[in-house]
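Pasting a structure below so you can have a look.
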Amino acid sequence: MAPRIALVPDPHGPGGRLQPLDDAGTPLGPPAEAPDLAAAVTAAERDGTVRWVWAAADSAYAPLLPRLPDRLARCHDLRLVEALLLAHEGRFGAPRSLGAAWARLRGLPVPPDLPEPGSAESDDGQDTLFAPDRLQLPPGADPLAAVVAVHAEQQRRLAAIQDDGARARFRLLVAAESAGALVAAEMAYDGLPWRADIHDRLLTELLGPRPGVPGARPKLLADLAAELRQALGGRPFNPDSHTQVLRAFADRGIQLGSTRSWELKEVNHPAARLLVRYKELSRIHTAHGWAWQDAWARGGRFRPEYVVGGVVSGRWASRGGGALQIPRILRRAVVADPGWLLVVADAAQLEPRVLAALSQDAGLARTAAGGDLYEALAATAFHGDRDKAKLGLLGAMYGQTSGDIGPLLNTLRHRYPAAMGYVEAAARTGEDGGVVASRLGRVCPPPSADWLDLTEAAETAGDAGGRSARARGRFTRNFVIQASAADWALALLAALRRRLNALPVAGPAERPHLVFFQHDEVVVHTPANLADGVADAVAAAADEARLLVFGDTPVRFPLTTAVVDCYADAK
DNA sequence: ATGCACTGCGCC
DNA sequence: AAAGGGCGCAGTGCAT
């Protein structure tokens, strides 16, 4: 049984080609033609655990999903791994497609990555040098040979990492990132249960009935706009226009610095209250209203596209539908199918726990060894004031210096020197133009050329350089934490996915599956009778992630888990 | 008509 | 004196 198999689907039709490999990526025997790729893949998975090697999940796995009875166990996603390796090797942002990696290997001109479909620069068809399949291989190149060659080279680059611990962690990152590719493709395929009728009822309550004319302002929103106009003297203006709003308020003698809602909330005038309400409702209408439902949530499922590694910190991004910004109020519409339940689990206070584990600060680790970290922190260092403890720690992690936070930071520095030293060292590295890395070795982007110009000129050109340096310090300070939290979350996803696939079920249609993932929170859609088992699996996966990513640490990463019908009932 | 910068706000 | 990290998306207003 080959431990790895390179896989290339035929661009048209159900077939493909397979090439068994050893762990170093060396071919074991000749390639095989598979007239039915899904059947061949399924048969290979029955024989034993395979790590599938492919150019990218969206081209190799997504088309296969509808035809697979079971989900694949493991993969090595060349595009994602290429990006991790390039950053690790100090070549952040170099093209990462199969064709680009292959061209680098052969010393040929490297094709740029294609812009994402749907993005502004996306303009297919003018590319004659490379095939328009996003792999960016030149016409005539053998995709399977390229996959095999690039994979072997990636394995060589991974093996070349000198430090044993760093190499092991980076390999874990490669496996976890690749597992993320599986999860993302599966979640896009399965979709998040979405009750259009409930969504519609919520919108109608908040905004009034759906306007007959698309784009028209719903009744309650129009009423609010009219009230607002009256409150400001009756002259018509567009409440969506910042400049017109500022002018309308100024005409009544109210000087606003901006139209931000936190500023409006401090203005003692009826119009300010109305405008805040208008903005809240208008946002729901424009961002998650009927047009959104038509575009993204049809057939009982919300189907966004997830972008693994879309954020430099390793967090996921999404394309379309604002998947990672679903307003809390609309979570009412996320309801399990009849006979099914949602298991919703989120990591409590993930980032401060990550800081405690990263820095190995004994004192902070003690506060992170159990339940409420902020409570424990408050009891130890802030005379029981939980708000202060939370504010101070968040400020330390974000690089905040404003407000009354100075004394809190001083307390933290005194009590938790290792933890504060850790983030401050990361900030200094960033201010000096260096790069930092997550626990598993995801490396942050280097400063831009503009940044270097600006900071080098700082002494002569006033404060802009210094301000820019401090901004980069805040970025690297936060990066080490946010990216290490993303490491942990990816490990959690991978472990949870494996555990879900191992649960005994009557058939594929009865299998619990991940339907949502948002930085530190997962949602599993499961047949009701399996919900307890799923909850146990999530808890076990969280502890497994802790051990994998942070090893022997007293810090715990507890989950808040709820088994519910409706997502909105989870909190 | 289309692109871009900017503002503002939803989520973590 | 002020100084909070990361995103996606929609709307305005100006430039082309």
Side-chain angles (χ1 to χ4, degrees), chain A residues 116 118-121 123 215 217 237-246 256-265 275-276 278-289 291-292 295-296 304-307 309-331 346-351 354-355 391-406 408-409 423 426-427 430-431 436 438 444-445 463-464 466-486 489 516-522 571:
Chain A
E116 296 302 334
S119 73
E121 325 89 285
D123 183 16
R217 211 175 255 160
F237 69 96
N238 179 359
D240 293 324
S241 163
H242 309 138
T243 49
Q244 292 181 39
V245 167
L246 292 179
L256 297 173
S258 74
T259 66
R260 292 188 180 88
S261 64
W262 63 260
E263 188 174 341
L264 290 168
K265 281 171 186 159
L275 182 56
V276 168
Y278 174 87
K279 285 157 79 75
E280 286 169 0
L281 294 181
S282 172
R283 166 141 193 115
I284 290 170
H285 178 235
T286 56
H288 289 92
W292 176 90
W296 299 105
E305 191 179 340
Y306 299 94
V307 186
V311 182
V312 290
S313 65
R315 280 185 172 184
W316 290 14
S318 69
R319 200 159 37 225
L324 304 182
Q325 301 117 252
I326 303 172
R328 285 176 167 270
I329 191 171
L330 293 188
R331 296 180 184 183
D346 78 275
Q349 304 146 348
L350 177 58
E351 294 197 342
V354 165
L355 172 57
L391 207 65
L393 201 47
L394 289 175
M397 293 189 298
Y398 287 154
Q400 183 180 357
T401 48
S402 68
D404 304 328
I405 203 171
L408 305 184
L409 294 180
V423 289
E431 287 177 13
V436 294
S438 74
C444 82
D463 201 33
R467 213 167 37 238
S468 168
R470 286 191 294 276
R472 186 169 158 79
R474 288 192 296 276
F475 168 66
T476 50
R477 169 194 294 262
N478 185 253
F479 182 95
V480 292
I481 298 172
Q482 188 184 113
S484 300
F516 197 57
F517 167 56
Q518 189 179 36
H519 313 313
D520 61 358
E521 177 178 13
V522 293
K571 298 221 170 108

Contact string for nucleotides 3-10 of chain C, one letter per nucleotide 5' to 3', B = base within protein heavy-atom range under 4.0 Å, S = sugar-phosphate only, - = neither, reads BBBBSBSS

Within the 4.5 Å heavy-atom criterion, are A:Arg217 and A:Pro239 side-chain neighbours or not? yes

Hey, is the main chain of A:Thr286 close enough, under 3.5 Å, to the side chain of A:Trp292 for a donor-acceptor pair? no

Within less than 4.0 Å of OP1 or OP2 of C:dG13, is there a side-chain N or O belonging to A:Ser241? yes

Across the strands shown, which category fits A:Leu350 at heavy-atom distances under 4.0 angstrom: base, sugar-phosphate, nothing? nothing

Take the protein atom CG of A:Leu246 and the nucleotide atom P of B:dT7, then report the distance between them rounded to whole Å. 11 Å

Between P of B:dC11 and CG of A:Asp346, the distance in whole Å: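 In whole Å, B:dC11 P and A:Asp346 CG are 14 Å from each other.
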
Tell me: CG of A:Leu275 to P of B:dG8, nearest whole Å? 11 Å

Using only atom types and a distance under 3.5 Å, with no angle test, would you say the side chain of A:Ser261 pairs donor to acceptor with the backbone of A:Val276?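 Not a single qualifying donor-acceptor pair exists.
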
Which part of the nucleic acid, if any, lies within contact of A:Arg477, taking any heavy atom under 4.0 Å across all strands shown: a base, the sugar-phosphate backbone alone, or nothing?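 Result for A:Arg477 = nothing.
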
Which nucleotide in the set B:dC11, C:dT12, B:dG10 lies at the smallest distance from any side-chain heavy atom of A:Asn238? C:dT12

Applying a 4.0 Å non-hydrogen cut-off, can you work out what A:Thr259 is touching in the nucleic acid: base, sugar-phosphate, or nothing?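 Since only primed, P, OP1 and OP2 atoms lie under 4.0 Å of A:Thr259, the category is sugar-phosphate.
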
What's the shortest heavy-atom distance between A:Ala323 and A:Ser318, and which atoms? N-OG, 3.4 Å

Backbone N/O of A:Phe237 and side chain of A:Gln244: donor-acceptor pair under 3.5 Å: no

Is A:Ser484 reaching over with its side chain to a backbone N or O of A:Ile481, donor-acceptor style, under 3.5 angstrom? no

Salt-bridge test for A:Arg315 and A:Glu351: reply yes if a basic N is under 4.0 Å from a carboxylate O, no otherwise. yes

Let me know the distance between CG of A:Asp240 and P of B:dC9, rounded to the nearest Å.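 Checked: the CG to P distance equals 12 Å.
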
Using five base pairs at each end to define the local axes, how bent is the helix from B:dA1-C:dT16 to B:dC12-C:dG5, to the nearest 10°? 0°

What is the distance, rounded to the nearest whole Å, between atom CG of A:Leu330 and atom P of B:dC11?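 So the CG-P distance, A:Leu330 to B:dC11, works out to 9 Å.
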
Quickly work out the A:Glu263 CD to B:dG8 P distance and round it to whole Å.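 These atoms are roughly 8 Å apart.
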
Base, sugar-phosphate alone, or nothing: which one does A:Arg472 contact when heavy atoms must sit under 4.0 Å apart?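 A:Arg472: no heavy atom of the nucleic acid under 4.0 Å.
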
Output yes when at least one side-chain N/O atom of A:Ser261 is less than 4.0 Å from OP1 or OP2 of B:dC9, else no.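 For A:Ser261, the contact criterion (side-chain N or O under 4.0 Å from OP1 or OP2 of B:dC9) is met.
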
Got a second to check how far A:Trp296's CH2 is from A:Ile326's CD1, nearest 0.5 Å? 12.5 Å

Presence of A:Lys279 side-chain N/O under 4.0 Å of B:dG8 phosphate oxygens OP1/OP2: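 The answer is no; no side-chain N or O of A:Lys279 sits under 4.0 Å from OP1 or OP2.
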
Expressed as a whole number of angstroms, how long is the span from A:His285:NE2 to B:dG10:P? 16 Å

Quick check against the 3.5 Å criterion: does A:Gln400 have a side-chain atom that pairs as donor or acceptor with the backbone of A:Ile405? no

For nucleotides C:dA3 and B:dT7, find the distance between their P atoms and express it as a whole number of Å.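 Taking atom P in both C:dA3 and B:dT7, they lie 15 Å apart.
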
From CZ of A:Arg260 over to P of B:dC6, roughly how many Å is that when rounded to an integer?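 So the two atoms are 13 Å apart, to the nearest Å.
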
Below 4.5 Å, heavy atoms only, C-beta onward: do A:Leu275 and A:Lys279 meet side chain to side chain?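 Yes, close enough: below the 4.5 Å cut-off.
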
